[in-house]
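Only this structure's heavy atoms are used, side chains among them; waters, hydrogens and symmetry mates stay out.
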Amino acid sequence: MQLLITAVFLNWGAMDADGQEGNERIWRDVTGSFSVKAALVTIGDESVELLTSDGRKISVPIRKLSGQDRIYLKRSSAPKDTKVSPDATADAIRKALAGPALPPAEIKLNDLYELLSIPVFIDERGLESMGLHKEMPVTLKAGHESLQDQLDESLEAIDCFWCNTQTVLVVSSTDSMDRFDETWIYRFPTPRMDYTSVMSRISEVQPDSWEALGGRGTICPLVPVYVITQSPTVHRKIIKSFKRHPVPHRYEHPLDLRSVTVTGKEMLLEDCLKSISQQISIPIEFSSGLSSIGLDPEGVYVSAQLTNVSAKDALDLILLQFGCTWVEEGKKLVVKHDVEAEESLSTQRIPIGFAVINGDASHFLQAAQTSVAVETWEAFGGKGQISFSPPAVCVVRQGQPAMREFEQFLRDLRSLR
């Protein structure tokens, strides 16, 4: 491999931990075979201009630089304090995933924070469940049509996977995949209304992942669509196999629409949530019940690199690390342990507002209970209840986290009109 720079031998004793001396640093090519001591002059779209220690200016293609050098460039060129909406962040994630793969390189998992120009959250709790950590090595290989294809292969090789929420790309271990199962609504052609054949074809995608063979995946036909709950990885395989994308989620909760930034290493949980509280102008308190699980907000730490993400995503992902969630109580938010939140039931009468049921309420009720917070419904051992009240009202008794999922499910169905 040829670079526009020449290999040089370096006196490492004169360098700091990052290989830097003053404004100069050590730049390496992607193979690690060539290096030069130089200062950064300018960053272009495809190349950088460097000033070497002997006064020469050289141009180097960015794609030929090492992973660590590209991280340095991201940091150097990142805009500061730019506020954008959650919708803009979501759009940036879609474009990045469909866009070109990263140059081949050997990196650490947490280098993704800087290599990707979108918000990334590494689920440390999920990694620890498999004895993994965020500094483990990752090989980015060449030959992928898109970034998402490259991430699929690179992360699978280290027993990890990725998914994306509204405004964050999340990385976790395959052992924790069930915590990120997703419910999507698909439109599939159904000749002669033969739903059984269509469901059979869908189930051929990674067969052992479906409920019928001991997996978690479910398919529920709901005229004229199919409601599918599966892991993010299987959803991507369905999209590739059938060349059909699901109906986009409609994000309308007030915290879906508020943008926040939370960045820092080893922040106290209390300080982290105080920052979110100030940005959304809503008080956030901690339930006294947290002491029963030994959680002290002033004694636990969290790391995050979340810029311009929805307030809901920030709260959900940060609290996930401690087995917690949030509920609304009057004009404030209260952090509770997952079990405490799910057991605080309330009943709501929710107008459905769409004709998808097609006269058969049982199909809708089945779809809701097999797709939304499944373990929380009475039919599956939980305490949640649901019934249909003609002409188009649903009576739901649930905890707030499950209720939020159910309301999101309804919003997605309403978008079919």
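Under the 3.5 Å distance criterion, the side-chain polar atoms of W27 are left unmatched by any main-chain donor or acceptor of K37. Between the side chain of S47 and the main chain of G44, no donor-acceptor pair closer than 3.5 Å is present. Using modelled atom types, one side-chain atom of R125 and one backbone atom of L320 make a donor-acceptor pair closer than 3.5 Å. At distances below 3.5 Å, at least one donor-acceptor pair connects side-chain atoms of T218 with backbone N or O atoms of T370. Remark: side-chain polar atoms of S154 are paired, donor with acceptor, to backbone N or O of Q150 under 3.5 angstrom. Remark: side-chain polar atoms of S371 are not paired, donor with acceptor, to backbone N or O of A368 under 3.5 angstrom. Of the possible polar contacts, one joining the S231 side chain to the V234 backbone as a donor-acceptor pair under 3.5 Å is found. Of the possible donor and acceptor atoms, none in the side chain of S241 sits under 3.5 Å from a partner among the backbone N and O of I238. Remark: the backbone N or O of G215 is not paired with any side-chain donor or acceptor of S209 at under 3.5 angstrom.
A cation-pi arrangement is found for R236 relative to W162, the charged atom lying closer than 6.0 Å to the ring centre and inside a 45° cone about the ring normal. A cation-pi arrangement, defined by a distance under 6.0 Å to the six-membered ring centre and an angle within 45 degrees of its axis, is present between R404 and W326.
Here the closest heavy-atom approach between residue K331 and residue P283 is recorded as O-CD, 3.4 Å. Taking each heavy atom of L295 and P297 in turn, the nearest pair found is O-CD, 3.6 Å. For R70 against P103, the heavy-atom pair with the smallest separation is NH2-O, 3.4 Å. Nearest heavy-atom pair, A373 versus A402, reported as atom, atom and distance to 0.1 Å: CB-CB, 3.7 Å. Shown here for V260 and A314, the closest heavy-atom pair between the two residues is CG2-CB, 3.8 Å. The minimum heavy-atom distance between F388 and V393, with the atom names listed, is CD1-O, 3.5 Å.
Residues D412 and Q408 have side chains that bring a donor and an acceptor to within less than 3.5 angstrom of each other. If you check the side chains of T165 and D313, you find a donor sitting under 3.5 Å from an acceptor. Side-chain contact of E340 with S287: a donor-acceptor pair under 3.5 Å is present, judged by distance alone. With hydrogens and angles left out, the side-chain atoms of H253 and Q166 include no donor and acceptor closer than 3.5 Å. No hydrogens or angles considered: nothing links the side chains of Q279 and T261 as a donor-acceptor pair under 3.5 Å. Y251 and T167 share no donor-acceptor pair across their side chains, judged by distance under 3.5 Å alone. Judged purely by distance below 3.5 Å, without hydrogens or angles, the side chains of T347 and R397 pair a donor atom with an acceptor atom. With hydrogens and angles left out, the side-chain atoms of T229 and T183 include a donor and acceptor closer than 3.5 Å. T263 and Q305 form no side-chain donor-acceptor contact under 3.5 Å, judged by distance and modelled atom types alone.
With contacts defined as side-chain heavy-atom distances shorter than 4.5 Å, the pair V168/V120 does not qualify. Side-chain contact between W377 and Q398 is present, with heavy atoms from C-beta onward closer than 4.5 Å. Between F322 and I293 the shortest side-chain heavy-atom distance does not fall below 4.5 Å. Side-chain contact between L317 and V170: present, with at least one pair of heavy atoms (C-beta onward) separated by less than 4.5 Å. For the pair C272 and V262, the minimum side-chain heavy-atom distance is below 4.5 Å. Side-chain contact between L268 and Y301 is present, with heavy atoms from C-beta onward closer than 4.5 Å. Between I276 and I318 there is a side-chain heavy-atom pair separated by less than 4.5 Å. Contact check for P246 versus I239: side-chain heavy atoms found under the 4.5 Å cut-off.
Between D181 and R216 there is a salt bridge, since a side-chain N of the basic residue sits under 4.0 Å from a carboxylate O of the acidic one. One finds a salt bridge joining D69 and R25 here, because a Lys/Arg side-chain nitrogen approaches an Asp/Glu carboxylate oxygen to under 4.0 Å. No salt bridge links D111 with K108; every basic N to acidic carboxylate O contact stays at or beyond 4.0 Å. Using a cut-off of 4.0 Å between Lys/Arg side-chain N and Asp/Glu carboxylate O, K141 and D149 are scored as not salt-bridged.
A parallel orientation is assigned to the rings of F364 and F409, their planes being inclined by less than 30° (bins at 30° and 60°).
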* Hey, mind stepping through L290 and C324 against side-chain contact (heavy atoms from CB on, under 4.5 Å) and telling me if it holds? -> CA-CA 9 Å; L290 295 179; C324 293; 3.8 Å; yes
* To do: Test side-chain hydrogen bond (donor to acceptor under 3.5 Å, both in side chains) on H144 and E153 and set out the steps.
  => CA-CA 9 Å; H144 297 284; E153 180 184 18; 2.5 Å; yes
* May I have the step-by-step check of side-chain hydrogen bond (donor to acceptor under 3.5 Å, both in side chains) for Q321 and D123, ending in yes or no? => CA-CA 7 Å; Q321 302 304 292; D123 175 25; 2.7 Å; yes
* Asked: Should E342 and K336 be marked as a salt bridge (charged side-chain N to carboxylate O under 4.0 Å, His left out) after you check the CA-CA gap, both sets of side-chain angles, and the distance that decides it?
  -> CA-CA 9 Å; E342 291 294 358; K336 296 185 176 184; over 6 Å; no
* Test side-chain contact (heavy atoms from CB on, under 4.5 Å) on V205 and I202 and set out the steps. => CA-CA 6 Å; V205 177; I202 296 171; 5.6 Å; no
* Stepwise side-chain contact (heavy atoms from CB on, under 4.5 Å) test for T233 and M177 -> CA-CA 9 Å; T233 301; M177 196 178 292; 3.8 Å; yes
* Verdict with supporting geometry, F161 and D152, side-chain contact (heavy atoms from CB on, under 4.5 Å) -> CA-CA 7 Å; F161 77 101; D152 278 339; over 6 Å; no
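The distance from atom CD1 of I386 to atom CD of Q366, rounded to the nearest 0.5 Å, is 12.0 Å. In this structure, I185 CD1 and I228 CD1 are separated by 10.5 Å, a value rounded to the nearest 0.5 Å. Between E124 atom CD and S303 atom OG the span is 5.5 Å, to the nearest 0.5 Å. Atoms CH2 and CE, from W210 and M199 in turn, are 10.5 Å apart once rounded to the nearest 0.5 Å. The distance from atom SG of C160 to atom CG of L127, rounded to the nearest 0.5 Å, is 5.0 Å. In this structure, OG in S275 is found 8.0 Å from CE in M267, a value given to the nearest 0.5 Å.
Counted within 6.0 Å of CD on E329, heavy atoms from surrounding residues, nucleotides or ligands total more than 12; the atom is thus considered enclosed. Within 6.0 Å of CD on E46 lie no more than 12 heavy atoms contributed by other residues, nucleotides or ligands.
The aromatic ring centroids of H245 and W184 lie 6.0 Å or more from each other. Annotation: F188 is in aromatic contact with F242 [ring centroid separation under 6.0 Å].
For the side chain to side chain contact (heavy atoms under 4.5 Å, CB included) with L132, the lone residue among E135, M136, K134 that qualifies is M136.
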